[in-house]
Amino acid sequence: MIDLTETFSTKQFPKSTRCKDIAASATTHFLKRKDKKTLTLIVTVLFAVISAGASCTAITQRRDVRPVVLRDVPAQNLSFRFEPDVAMPPEVKADDADDKIEAIQLDFNTRRQNDALVRTVRSPDGQRALVLYGAADEPSQEFHIDLYSSDGKFLRNVTPPDLACVFPETVSWSPDGNFITFIGHRGVKPTPSPTPPGASAPEVPEGAEATPLPSVAPAFAPVALFSTEQIYICNRDGYDLKPLTSREG
């Protein structure tokens with residue numbers, strides 16, 4: 001800097017030279033005066049800065065760095081899908097969630113028009129089927145299970161009236177066909193409200209005899225019911241129904 005100052009102090013410039021021309025000439029003169037060591041030092045510093053920036057980018061993409069919050073996770077790491085490791089054996093037939101046996105659907109269309117068929121689940125031997133159906137006076141997400149033969153013949157009710165099943169895709173047979181499993185909880189079917197105080201009971205015509213209402217519900221053994229979902233199991237004939245889990249919540 002001393003040499004540069006002395007040089008410019010002794011050098012005469014025309015009066016018409018502008019300040020920018022003086023600055024350009026000073027810069028050129030400065031670069032010419034600098035030796036190669038200074039230039040090498042500048043290049044080294046620039047290379048170090050570029051390398052540091054690249055290393056910071058690489059650190060954020062390393063797999064061994066665990067992000068603290070979700071926004072630090074790269075978007076491509078959040079994309080995933082479930083796939084089987086191997087293909088399903090050709091002899092195993094996967095039940096379609098919307099599969100409905102035609103003979104059973106015909107029975108519902110003709111004899112059980114007040115019930116809505118949800119799904120049918122064939123047994124491993126193909127001789128029987130679990131019939132999932134919903135009633136008109138119950139919540140749409142709940143259903144009951146009956147046992148049918150594959151030719152559309154009703155066999156028996158599997159679930160009692162006060163047990164409501166949920167998650168139709170989880171109803172299944174055991175691989176050997178000896179057990180039936182499903183998920184259910186205590187039903188929330190609405191009950192008729194009692195006659196309010198002061199209201200008169202319906203009049204019965206004179207001479208009319210009281211006739212008992214026919215009972216079509218089958219006799220079920222007592223089954224433990226819960227307010228939250230539990231896993232239930234019974235044998236292939238629909239008997240010996242019992243909960244596998246019994247913890248509320």
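Residue numbers count from 1 along this sequence.
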Within a strict 4.5 Å, meaning less than it, do heavy atoms of the [X] and [Y] side chains meet?
| X | Y | answer |
| --- | --- | --- |
| V131 | L117 | yes |
| F143 | V171 | yes |
| L163 | L225 | yes |
| T181 | C234 | no |
| V166 | H185 | yes |
| Q105 | T110 | no |
| L147 | L130 | yes |
| I183 | Q230 | no |

Atom of [X], atom of [Y] and distance for their closest heavy-atom approach:
| X | Y | value |
| --- | --- | --- |
| S227 | R186 | OG-NH1, 3.1 Å |
| V118 | G134 | CG2-N, 4.0 Å |
| P124 | S174 | CG-O, 3.6 Å |
| P160 | L241 | CD-CD2, 3.7 Å |
| I104 | S149 | CD1-O, 4.2 Å |

Is there a donor-acceptor contact under 3.5 Å from the side chain of [X] to the main chain of [Y]?
| X | Y | value |
| --- | --- | --- |
| T159 | H144 | no |
| Q113 | N109 | yes |
| Q127 | S150 | no |

Using a 6.0 Å cut-off, check whether atom [atom1] of [X] has over 12 heavy atoms from anything other than its own residue.
| X | atom1 | result |
| --- | --- | --- |
| D176 | CG | yes |
| R247 | CZ | no |
| E248 | CD | yes |

Partners passing ring-ring contact (aromatic ring centres under 6.0 Å, His included) against [X] (at least two apart in sequence or in another chain):
| X | answer |
| --- | --- |
| F182 | Y232 |
| F167 | none |
| Y148 | F154 |

I'd like to know if V121 and I101 are part of one continuous hydrophobic network [Ile/Leu/Val/Met/Phe/Trp/Tyr, side-chain heavy atoms within less than 4.5 Å].
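Different clusters: I101 never reaches V121 through Ile, Leu, Val, Met, Phe, Trp or Tyr contacts under 4.5 Å.
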
**Study point:** L244-F179 co-clustered via ILVMFWY side chain contacts under 4.5 Å
**Key:**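 Linked, L244 and F179 end up in one cluster.
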
For D162, the salt bridge (charged side-chain N to carboxylate O under 4.0 Å, His left out) test, sequence neighbours excluded, returns none

*asked:* With side chain to side chain contact (heavy atoms under 4.5 Å, CB included) as the criterion, how do T120 and E102 come out once you've worked through the C-alpha distance, each side chain's angles and the decisive distance to 0.1 Å?
replied: CA-CA 10 Å; T120 58; E102 184 177 356; over 6 Å; no

Item checked: Partners passing side chain to side chain donor-acceptor pair (under 3.5 Å) against T44 (at least two apart in sequence or in another chain) ->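 In terms of side chain to side chain donor-acceptor pair (under 3.5 Å), with neighbours along the sequence ignored, T44 is linked to no residue.
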
request  = State the CD1-CG distance between I145 and N157, to the nearest 0.5 angstrom.
outcome  =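 That separation rounds to 11.0 Å.
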
The complete set of salt bridge (Lys or Arg N to Asp or Glu O under 4.0 Å) pairs with one or both residues in residues 228-237, sequence neighbours excluded, reads D125-R236, R128-D237

Quiz item: Just checking, any donor-acceptor pair under 3.5 angstrom between side chains of R119 and Y133?
Solution: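 No, because no side-chain N or O of R119 sits under 3.5 Å from a partner of the opposite role on Y133.
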
| task | In sequence, state the C-alpha distance, the side-chain angles, and the governing distance for W173 and R122, and then conclude on side chain to side chain contact (heavy atoms under 4.5 Å, CB included). | result | CA-CA 8 Å; W173 296 81; R122 293 178 181 268; 5.8 Å; no

**Item:** Check against side chain to side chain contact (heavy atoms under 4.5 Å, CB included), K242 and I233
**Value:** CA-CA 6 Å; K242 59 183 178 181; I233 187 172; 4.0 Å; yes

